[in-house]
Amino acid sequence: MRRAFPALLVLGLACHPADAVVIGSKNFTEQDVLGEILAQELEARGVPVERRFHLGGTFVCHSAIVNGGIDLYPEYTGTALTAILKRPPIQEPERAFREVADAYAERWGLEWGPPLGFQNTFALVVRRADAESLDLATITDLGPVAARMRAGFGPEFMAREDGYPGLAKAYGFEFGRILQLDLGLMYRALAERRIDVAVANSTDGRIESLDLVVLADDRRYFPPYQAAPVVRSETLGRHPAVGGVLAGLEGSLDEAGMRALNREVEAGGDLARVVRAWRERRGRHREPAPR
């Protein structure tokens with residue numbers, strides 16, 4: 001049964017109207033926000049859309065788009081490079097983007113749309129009180145105290161090429177204890193002092209709301225994680241308007257803007273309403289000044 005589950009998932013995802021663009025997302029807030037932005041932009045141009053948000057992790061979404069269960073979802077270049085393609089990290093953002101775009105097109109007939117304007121890198125976070133008392137500003141600073149610290153990491157981070165095994169090797173230390181937790185549970189565990197350090201997404205709104213400190217990746221271990229939409233080539237042919245929508249979203253969000261949207265949704269804001277308001281603000285900003 002465990003082996004059959006991915007096949008059943010993809011089969012279920014494939015049952016959608018032939019004329020709809022099926023938009024997927026991974027299982028965290030930012031992905032749902034980006035998926036809703038894509039959905040509303042397409043709907044505004046008359047393209048029928050089906051939402052399949054919060055599907056699961058990277059490998060679930062990748063399998064779904066390769067097998068035709070979804071047509072489009074947001075991805076990150078560093079994740080594609082290291083987790084999907086199993087290649088060494090590349091530090092230059094443009095080169096990393098071109099390498100993943102070329103490989104996806106050649107292997108799976110998938111196209112990368114233009115970057116959306118921000119990166120969402122992995123980030124090690126600690127409570128501000130601990131950062132101040134232990135003088136922690138960088139990941140290197142964790143070295144002398146790591147053996148007595150409890151870390152909270154997700155299963156994907158523990159297994160990925162750009163995750164914990166490589167991080168421990170690059171920085172030369174390991175934590176005394178590691179708990180494998182989902183992202184939402186990690187924040188609660190930090191607040192309840194059940195762990196001392198967690199891996200977060202750098203654009204997560206809860207970093208500010210919980211007064212956490214991001215430790216600088218001073219050895220530049222993590223590769224660039226530019227956010228960009230990935231779409232099936234067949235979908236671009238079926239719906240020519242999709243390419244124009246993706247091009248129009250190039251550079252539309254910076255890190256602060258993405259963090260603000262995440263924070264608003266995580267605080268209980270309705271996803272569709274939050275995105276609609278952002279699109280309205282963006283539309284006003286893009287309107288030419290009256291003469």
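- Pairing each heavy atom of Gly78 with each of Pro223, the nearest pair is CA-CG, 4.1 Å.
- When only modelled atom types and interatomic distance are considered, Thr77 and Gln226 share no side-chain donor-acceptor pair under 3.5 Å.
- A salt bridge links Glu43 with Arg51: at least one charged nitrogen is closer than 4.0 Å to a carboxylate oxygen.
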Exercise. His62 and Trp108: side-chain contact (heavy atoms from CB on, under 4.5 Å), yes or no, with the steps?
Worked result: CA-CA 10 Å; His62 179 71; Trp108 302 297; 3.6 Å; yes
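- No hydrogens or angles considered: a donor-acceptor pair under 3.5 Å links the side chains of Tyr76 and Glu30.
- In summary, the side chains of Asp32 and Thr29 do not present any donor paired with an acceptor at a separation below 3.5 Å, with no hydrogens or angles considered.
- Side chain of Arg238 to main chain of Asp19: no donor-acceptor pair is present (N/O by atom type, distance under 3.5 Å, no hydrogens or angles).
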For this session: Go through the steps to decide whether Phe157 and Phe122 satisfy the test ring pair (Phe, Tyr, Trp, His ring centres under 6.0 Å), and finish with yes or no.
Result: CA-CA 9 Å; Phe157 185 71; Phe122 283 124; 4.8 Å; yes
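- Counting heavy atoms from C-beta on, the side chains of Thr235 and Val21 come closer than 4.5 Å.
- In this structure the side chain of Thr58 reaches within 4.5 angstrom of the side chain of Ile84, judged on heavy atoms.
- Closest approach of Leu85 and Ala103 over heavy atoms only: CD1-CB, 3.7 Å.
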Problem set entry | Test log, rule side-chain contact (heavy atoms from CB on, under 4.5 Å), inputs Val125 and Val213 | CA-CA 5 Å; Val125 297; Val213 171; over 6 Å; no
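- Here the side chains of Pro229 and Leu116 are in contact, with some heavy-atom distance below 4.5 Å.
- With values rounded to the nearest 0.5 angstrom, Leu249 atom CG is found 5.0 Å from Glu41 atom CD.
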Problem set entry | Worked verdict on Leu42 versus Val242 for side-chain contact (heavy atoms from CB on, under 4.5 Å) | CA-CA 7 Å; Leu42 287 171; Val242 172; 3.8 Å; yes
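- Of all heavy-atom pairs spanning Arg281 and Leu261, the tightest one is NH2-CD2, 4.3 Å.
- For the pair Arg150 (side chain) and Arg193 (backbone), a donor-acceptor distance under 3.5 Å is present.
- Within a 6.0 Å radius of CD in Glu192, more than 12 heavy atoms belonging to other residues, nucleotides or ligands are found.
- Glu156 places no side-chain N or O within donor-acceptor distance of the main-chain N or O of Gly57, the cut-off being under 3.5 Å.
- Shown here is Glu99, whose CD atom has more than 12 heavy atoms of other residues, nucleotides or ligands within 6.0 Å.
- Side-chain contact between Leu72 and Val230: absent, with no pair of heavy atoms (C-beta onward) separated by less than 4.5 Å.
- Between Leu215 and Val126, some side-chain heavy-atom pair lies under the 4.5 Å cut-off.
- The backbone N or O of Ala123 sits nowhere less than 3.5 Å from a side-chain atom of Ser202 that would complete a donor-acceptor pair.
- Closest approach of Pro224 and Ala96 over heavy atoms only: CG-CB, 4.1 Å.
- Phe118 contributes atom CZ, which lies 6.0 Å from atom CG of Leu253 (distance to the nearest 0.5 angstrom).
- Residue Asn120 holds its CG atom at 4.5 Å from CG of Asn201, rounded to the nearest 0.5 Å.
- Every salt bridge (charged side-chain N to carboxylate O under 4.0 Å, His left out) that Asp211 has, sequence neighbours left out, goes to Arg128.
- Side-chain N or O atoms of His239 include none that pairs as donor or acceptor with a backbone N or O of Glu234 at under 3.5 Å.
- Checked by atom type and distance alone, the side chain of Ser63 never pairs as donor or acceptor with a backbone atom of Phe59 at under 3.5 Å.
- A salt bridge between Arg276 and Glu280 is absent, with no side-chain N of the basic residue lying under 4.0 Å from a carboxylate O of the acidic one.
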Problem set entry | Steps toward side-chain hydrogen bond (donor to acceptor under 3.5 Å, both in side chains) verdict (Ser233, Glu111) | CA-CA 6 Å; Ser233 298; Glu111 301 292 330; 3.1 Å; yes
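- For CZ of Arg107, the number of neighbouring non-hydrogen atoms (other residues, nucleotides, ligands) closer than 6.0 Å is greater than 12.
- If you take OH on Tyr164 and CE on Met158, they are separated by 6.5 Å, rounding to the nearest 0.5 Å.
- No salt bridge links Asp196 with Arg148; every basic N to acidic carboxylate O contact stays at or beyond 4.0 Å.
- Ser25 contributes a side-chain N or O that, together with a main-chain N or O of His54, makes up a donor-acceptor pair within less than 3.5 Å.
- Among all heavy-atom pairs drawn from Gly152 and Met186, the shortest one is O-SD, 2.8 Å.
- The environment of CZ in Arg219 is crowded: more than 12 heavy-atom neighbours from other residues, nucleotides or ligands sit within 6.0 Å.
- By the neighbour-count criterion of 12 heavy atoms within 6.0 Å, atom CZ of Arg194 is densely surrounded, having more than that number from other residues, nucleotides or ligands.
- The shortest non-hydrogen separation linking Pro114 to Ala228 is O-CB, 3.9 Å.
- The salt bridge (charged side-chain N to carboxylate O under 4.0 Å, His left out) test applied to Asp162 returns Arg160, not counting sequence neighbours.
- Under the 3.5 Å distance criterion, the side-chain polar atoms of Asp71 are matched with a main-chain donor or acceptor of Val22.
- Between Arg87 and Thr82 there is no side-chain heavy-atom pair separated by less than 4.5 Å.
- For the residue pair Tyr73 / Glu75, a side-chain donor-acceptor distance below 3.5 Å is found, with atom types taken as modelled.
- In this structure, CG in Leu181 is found 11.0 Å from CD1 in Ile178, a value given to the nearest 0.5 Å.
- Checked by atom type and distance alone, the side chain of Tyr171 never pairs as donor or acceptor with a backbone atom of Leu142 at under 3.5 Å.
- With rounding to the nearest 0.5 Å, the separation of CE in Met149 from CZ in Phe173 is 9.0 Å.
- Using a 4.5 Å heavy-atom threshold, the side chains of Arg232 and Ile65 count as touching.
- The backbone N or O of Leu185 lies less than 3.5 Å from no partner atom in the side chain of Asp182, so there is not a single donor-acceptor pair.
- Residues Leu124 and Val199 have side chains in contact (heavy-atom distance under 4.5 Å, counting atoms from C-beta outward).
- Note on residues 197-210: pairs passing salt bridge (charged side-chain N to carboxylate O under 4.0 Å, His left out), not counting sequence neighbours, are Asp204-Arg206, Arg206-Glu266, Glu208-Arg259, Glu208-Arg263.
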Exercise. How far apart are the C-alpha atoms of Val274 and Val33, what are their side-chain angles, what is the distance that settles it, and do they pass the side-chain contact (heavy atoms from CB on, under 4.5 Å) test?
Worked result: CA-CA 9 Å; Val274 168; Val33 171; 5.9 Å; no
